[in-house]
2 protein chains.
Amino acid sequence: MAANSQFAMAVHILALLALKGETNLKSDTIAQSVNTNPVVIRRILGQLASAHLVESQTGASGGTRLVLPPEKVCLVEVYKAVSCGEVFALPAKQANQDCPVGRSIEAVLCNLQKAIDRSVAEKLGEFSLASVLGMIDIESTAAA
Amino acid sequence: MAANSQFAMAVHILALLALKGETNLKSDTIAQSVNTNPVVIRRILGQLASAHLVESQTGASGGTRLVLPPEKVCLVEVYKAVSCGEVFALPAKQANQDCPVGRSIEAVLCNLQKAIDRSVAEKLGEFSLASVLGMIDIESTAAA
DNA sequence: ATAACTGTAACAAGTATAGTTACAATAGGC
DNA sequence: GCCTATTGTAACTATACTTGTTACAGTTAT
């Protein structure tokens, strides 16, 4: 399967919106930078809009812009907006309840899953969109 | 797609092996507890064997056993043995190199990816197979 | 009115997982 | 040595998710 790269694309999109400030950005313009189809971009923008991270306008000279300044956009919110938030899945089938291990392992795995997912959320919580922009600036300055 | 539950199954398998001690466990016996097909179990056992976490014997009265005592088996090793180790993927297509953001975002996303993956590894490093067994014991005692 | 956007449905292609059958290779028990 | 049990692995199916694409209805500036 194509690995899920929606979070990476979402960060790229938000970085573009942040640098554009108040101006609306068209999905077509974004698609050129991300190097994909505008519909793919609009799908991700739809998820970001549901999370109240961006706002869009339809019609001529429409487009999308950030709702909040980059310092107030945390990557945790971006991650939650575009992913299921689970690093690993629990088995689809229930374990054998006649086996002592099968009976009790599910709760253990579920707690483990929550612990891992929480640590990812905490780490992402350390980054804001503004900090991403800072990393971009450093990179482009170094390259110039 | 069926979500990847190999890590969860691997932990379940290793818990069974740990409780069985020195004795070889057959893939069929394990499959009954996990509630799946023996071949699915053998596939995971193969990955765990490549990571030197378990050893198998072919032939009659063959089976699989742990290489190390449960205290020395860390869940990081299990995770690395059965997964790609990446919480999110980078886009398959390269971003537009003619765009300043496209040109520099990839390195930022790559560093971000490494930071997140590292935090997952660190959190998993806090758990050993023995600690999983401890959680199982607590659960089954509470249920009894 | 017209032209330019978004939102979204529908579909194809590619790919990963889980499950299943089948069978060669191997090793213990008699 | 022969039989039997078990692993390792290939091959195939079904399912489902992601990306990419076309198409089009709805909306808005000019």
Side-chain angles (χ1 to χ4, degrees), chain A residues 1-10 12-13 17 20 23-32 34-51 54-65 81-96, chain B residues 1-10 12-13 17 20 23-32 34-51 54-65 81-96:
Chain A
M1 174 192 43
N4 189 330
S5 60
Q6 287 183 61
F7 174 71
M9 287 195 279
H12 186 158
I13 291 168
L17 292 175
K20 211 60 183 181
T23 323
N24 277 348
L25 258 179
K26 292 182 289 182
S27 64
D28 200 61
T29 308
I30 299 172
Q32 283 176 35
V34 178
N35 194 17
T36 185
N37 191 290
V39 177
V40 172
I41 299 299
R42 292 206 288 273
R43 278 204 282 246
I44 295 173
L45 286 174
Q47 296 179 278
L48 297 176
S50 298
V54 302
E55 274 175 350
S56 294
Q57 276 179 11
T58 60
S61 69
T64 307
R65 64 193 170 288
V82 300
S83 89
C84 70
E86 292 175 356
V87 173
F88 65 88
L90 303 178
K93 280 190 183 173
Q94 192 185 37
N96 185 349
Chain B
M1 175 193 44
N4 189 330
S5 60
Q6 287 184 58
F7 174 70
M9 287 195 278
H12 186 158
I13 292 168
L17 292 177
K20 213 59 184 182
T23 323
N24 278 347
L25 220 53
K26 291 183 289 182
S27 63
D28 200 61
T29 308
I30 298 171
Q32 282 177 36
V34 178
N35 195 19
T36 185
N37 191 292
V39 176
V40 172
I41 300 299
R42 292 206 288 270
R43 279 204 281 247
I44 295 173
L45 286 175
Q47 296 179 276
L48 297 176
S50 297
V54 302
E55 274 175 352
S56 294
Q57 277 178 11
T58 60
S61 69
T64 307
R65 65 195 170 284
V82 300
S83 89
C84 70
E86 291 174 359
V87 173
F88 65 86
L90 302 179
K93 280 190 183 172
Q94 191 184 37
N96 185 349

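Lettering follows sequence order; numbering is per chain, from 1.
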Roughly, in whole Å, what's the span from [atom1] in [X] to [atom2] in [N]?
{"X": "A/I44", "N": "D/dG20", "atom1": "CD1", "atom2": "C1'", "answer": "12 Å"}
{"X": "A/I13", "N": "C/dT6", "atom1": "CD1", "atom2": "P", "answer": "12 Å"}
{"X": "A/I41", "N": "D/dT19", "atom1": "CD1", "atom2": "C1'", "answer": "11 Å"}
{"X": "A/K26", "N": "D/dT28", "atom1": "NZ", "atom2": "P", "answer": "18 Å"}
{"X": "B/N37", "N": "C/dA22", "atom1": "CG", "atom2": "P", "answer": "12 Å"}
{"X": "B/D28", "N": "D/dG8", "atom1": "CG", "atom2": "P", "answer": "14 Å"}
{"X": "A/K93", "N": "C/dT17", "atom1": "NZ", "atom2": "C1'", "answer": "13 Å"}
{"X": "B/E86", "N": "D/dT18", "atom1": "CD", "atom2": "C1'", "answer": "16 Å"}

So which atom in [X] and which in [Y] form the shortest heavy-atom distance, rounded to 0.1 Å?
{"X": "B/A89", "Y": "A/A3", "result": "CB-CB, 3.4 Å"}
{"X": "B/R65", "Y": "B/T23", "result": "CB-O, 4.0 Å"}
{"X": "B/N24", "Y": "B/Q57", "result": "ND2-OE1, 3.3 Å"}
{"X": "A/K26", "Y": "A/G62", "result": "CG-O, 4.0 Å"}

To the side chain of [X], which of [options] is closest?
{"X": "B/Q6", "options": "D/dA10, C/dA4, C/dT17", "result": "C/dT17"}
{"X": "B/R42", "options": "C/dA22, D/dT28, C/dT17", "result": "C/dA22"}
{"X": "A/R43", "options": "C/dA18, D/dG20, D/dA23", "result": "D/dG20"}
{"X": "B/V40", "options": "C/dA22, C/dT17, C/dG19", "result": "C/dG19"}

Determine: side-chain N/O of [X] to OP1/OP2 of [N], distance under 4.0 Å, yes or no.
{"X": "A/S56", "N": "C/dG7", "answer": "yes"}
{"X": "B/S27", "N": "D/dT6", "answer": "no"}
{"X": "A/Q57", "N": "C/dA4", "answer": "no"}
{"X": "A/T58", "N": "D/dG26", "answer": "no"}
{"X": "A/S61", "N": "C/dA4", "answer": "no"}

- Task: Select from A/P38 and A/A60 the residue whose nearest nucleotide in DNA chain D is closer to the 5' end of that strand.
- Result: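 Looking at the nearest nucleotide for each, A/P38 comes out on the 5' side.
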
- Residue met sooner reading DNA chain D from 5', once B/A92 and B/G46 are mapped to nucleotides: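 Whichever sits nearer the 5' end wins; that is B/G46.
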
- Message: At 4.0 Å (heavy atoms only), tell me whether A/T64 reaches a base, stays on the sugar-phosphate, or touches nothing.
- Response: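 It contacts nothing in the nucleic acid.
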
*Among B/I30, B/T64, B/I13, find the one that has a side chain to side chain contact (heavy atoms under 4.5 Å, CB included) with B/L25.*
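Only one of B/I30, B/T64, B/I13 forms a side chain to side chain contact (heavy atoms under 4.5 Å, CB included) with B/L25, namely B/I30.
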
